[in-house]
Amino acid sequence: QGQLPRCAVPRAMGGKIRSSEEVAARKAKKEAKKAPKRPPIEAKGADVEPPPKKQRTDCESPASVGQPASLADRLNPNRECYDEALKARWKTLSKGGKYKLVDEDQDARAKAKLSTSRGVAPMGQYPFLPNPDDHCETSPQAYRDIAPFLELVAHKLGKAPNELQIYDPYYCAGSVKKHLCAVGFPRVYNECEDFYARLADDTIPEHDVIVSNPPYSEDTDGGTNHIARLLRFCINDGKPFLLNMPEYVTTASYYAKRFAKHGELPLLMCPYKRYHFWSPVGLRQSANKQAHRSPELGIRCSPFVSLWYISLEPVVSHDKLVKRVTKGLLQGLDVVSDPSVELGSKDADVRCRLCRSADELPECRRAFNGKGKKAKKEK
């Protein structure tokens, strides 16, 4: 028996013996299938070379155009923003010193990214002098809690929720627009401008209701603080307002004085689970380096127990508003006539209590773990 050619397969294996010509033809057929069905369109005239790839000679990465030079770029000799002095100092730094530089670099770049995506004014570019400690924005949950009140105001004014004009005089990073839009109220005016300058010029924008979380800081010159000035504006404005402010405002000397000649004190809406606040990255120094961070909200904090100070007059009186809550017409709320009675612990859908005064505030308001757990401990 002679040796079989390479292209042959023994019949005992179930194959078919092919000649060298057949093998070559099959190979050419396979190559033809791999080739593109349509030839590329060539430019008329002389051959045109593809444009060269853009060389990145600056310190901006493709995903972070407009951001400051990163620490890695400043340590890289191949970058235009290479910092030779920083490179030399880097070699002598301790492990802790390097970690500190890395943290500062991440904060700076996160701040720039947040500024680009959300319109945050970098420090020094506000039209007023902000106190860094005031850079705390209201949580999304707090806006969800007041949605029933805003819906009621819109209904009484004969408007749809998306037509209600909301005004927030104090600007931080503009998240109030996003959060209120998420609960059905897109017409929110909150711009990076000086509220007091507009007030002096009598150019306050048109609005149906005021929703705000004012700065809590005191005037360094000993003047009237922001909260007292806002309360005075709300009283003179004569329209519904919902203000997220610390509990201690109820005992401040200016609080009762502001309303002594102008009707009743506002109602208080207190969450059974304490609100968190969120500081935009880079706008406020956090003492707690391990504080929770959110890419969308910033750094979590909660310096004070906060309440909603609510007055829907003249659209809805206090008495009618309390009656609506008593009848269960406003979702997620309860009201108590006897301060010794602790409500809300059995109903998981109830998140807040509407109070006529600070005496009716729930005992569990300082806890973050929710009313159910706190109620068990109190028993």
Side-chain angles (χ1 to χ4, degrees), residues 118-119 134-157 159-193 195-196 198-199 204-216 226-247 249 255 258-259 265-271 275-278 280 297 304 306-316 318 321 325 330-333 351-352 354-355:
R118 293 174 52 191
D134 288 332
H135 287 302
C136 294
E137 296 196 296
T138 309
S139 68
Q141 182 59 55
Y143 291 113
R144 288 193 286 269
D145 289 341
I146 64 170
F149 296 97
L150 297 176
E151 291 172 357
L152 178 59
V153 172
H155 174 71
K156 291 295 183 179
L157 294 178
K159 295 186 174 185
N162 61 2
E163 296 174 336
L164 188 69
Q165 298 182 80
I166 300 174
Y167 178 40
D168 184 352
Y170 297 100
Y171 182 86
C172 178
S175 69
V176 58
K177 291 183 177 181
K178 175 182 176 182
H179 298 327
L180 283 174
C181 183
V183 293
F185 302 94
R187 298 193 66 181
V188 181
Y189 189 97
N190 178 241
E191 303 298 331
C192 186
E193 59 188 21
F195 163 53
Y196 302 123
R198 297 208 64 168
L199 188 59
I204 297 297
E206 286 292 326
H207 59 279
D208 299 313
V209 59
I210 298 169
V211 177
S212 187
N213 170 19
Y216 299 164
H226 299 288
I227 294 177
R229 296 174 76 176
L230 176 62
L231 290 175
R232 181 168 55 195
F233 166 72
C234 289
I235 292 172
N236 295 333
D237 187 55
K239 294 184 178 180
F241 63 82
L242 300 94
L243 311 178
N244 192 303
M245 302 188 296
E247 180 186 344
V249 173
Y255 179 65
R258 284 284 182 269
F259 294 94
L265 292 172
L267 297 174
L268 306 175
M269 191 186 77
C270 180
Y275 289 139
H276 286 292
F277 290 85
W278 297 90
L297 301 175
F304 304 103
S306 67
L307 316 171
W308 281 106
Y309 293 68
I310 299 175
S311 174
L312 302 189
E313 295 185 346
V315 178
V316 183
H318 285 4
L321 188 58
V325 177
L330 293 184
Q331 187 177 4
L333 293 162
R351 282 195 42 83
C352 304
L354 187 64
C355 308

Atom pair CZ/CG of Phe195 and Asp168 - distance to nearest 0.5 Å: 10.0 Å
Residue pair Cys181 / Val188, side-chain heavy-atom distance below 4.5 Å: no
Side chain to side chain, Ile166 and Val176, heavy atoms closer than 4.5 Å: no
Geometric class of the His226/Tyr196 ring pair [parallel <30°, tilted 30-60°, perpendicular >60°]: parallel
Sub-4.5 Å side-chain heavy-atom contact between Val209 and Phe149: no
For the student: nearest non-hydrogen atoms of Lys159 and Gln165, plus distance: NZ-NE2, 3.7 Å
Leu242 CG to Asn213 CG distance, which is reported to the nearest 0.5 Å: 12.5 Å
Side chain to side chain contact (heavy atoms under 4.5 Å, CB included) partners for Leu265, two or more places apart: Tyr255, Phe259
Trp308 side chain near Val211 side chain, heavy-atom distance below 4.5 Å: yes
Side chain Arg144, main chain Val183, donor-acceptor under 3.5 Å: no
Separation of Asn244 CG from Tyr309 OH (nearest 0.5 Å): 9.5 Å
Shortest non-hydrogen contact from Ser311 toward His318: OG-CE1, 3.7 Å
Distance-minimising heavy-atom pair for Tyr170 and Ser212: CD1-OG, 3.4 Å
Stepwise side-chain contact (heavy atoms from CB on, under 4.5 Å) check, Leu307 with Tyr275: CA-CA 9 Å; Leu307 316 171; Tyr275 289 139; over 6 Å; no
Test log, rule side-chain contact (heavy atoms from CB on, under 4.5 Å), inputs Leu180 and Leu150: CA-CA 10 Å; Leu180 283 174; Leu150 297 176; 4.0 Å; yes
Nearest heavy atoms of Asp208 and Pro240, plus distance in Å: O-CD, 3.4 Å
Within 6.0 angstrom of Gln141 CD, more than 12 heavy atoms from elsewhere: yes
Residue pair Arg198 / Pro205, side-chain heavy-atom distance below 4.5 Å: yes
Where Met269 and Leu354 come nearest, the two heavy atoms and their spacing: CB-CD1, 4.2 Å
Side-chain touch Leu230/Phe233, heavy atoms, less than 4.5 angstrom: yes
Distance, nearest 0.5 Å, that separates CG of Leu268 from SG of Cys352: 12.0 Å
Candidate pair Leu199 and Arg229, rule side-chain contact (heavy atoms from CB on, under 4.5 Å), full reasoning: CA-CA 11 Å; Leu199 188 59; Arg229 296 174 76 176; over 6 Å; no
Sub-6.0 Å ring centroid separation between Tyr143 and Phe185: no
CZ on Arg187 to OH on Tyr167, rounded to 0.5 Å: 15.5 Å
Taking every non-hydrogen atom, the tightest pair across Lys177 and Asn190: CE-O, 3.2 Å
Under the salt bridge (Lys or Arg N to Asp or Glu O under 4.0 Å) test, residues paired with Asp145 that sit two or more places apart: Arg351
Validation row: Ile227, Pro246 side chains within 4.5 angstrom (heavy atoms): yes
Flag side-chain contact, heavy atom, 4.5 Å: Leu231 against Met245: yes
Candidate pair Val153 and Val316, rule side-chain contact (heavy atoms from CB on, under 4.5 Å), full reasoning: CA-CA 8 Å; Val153 172; Val316 183; 5.6 Å; no
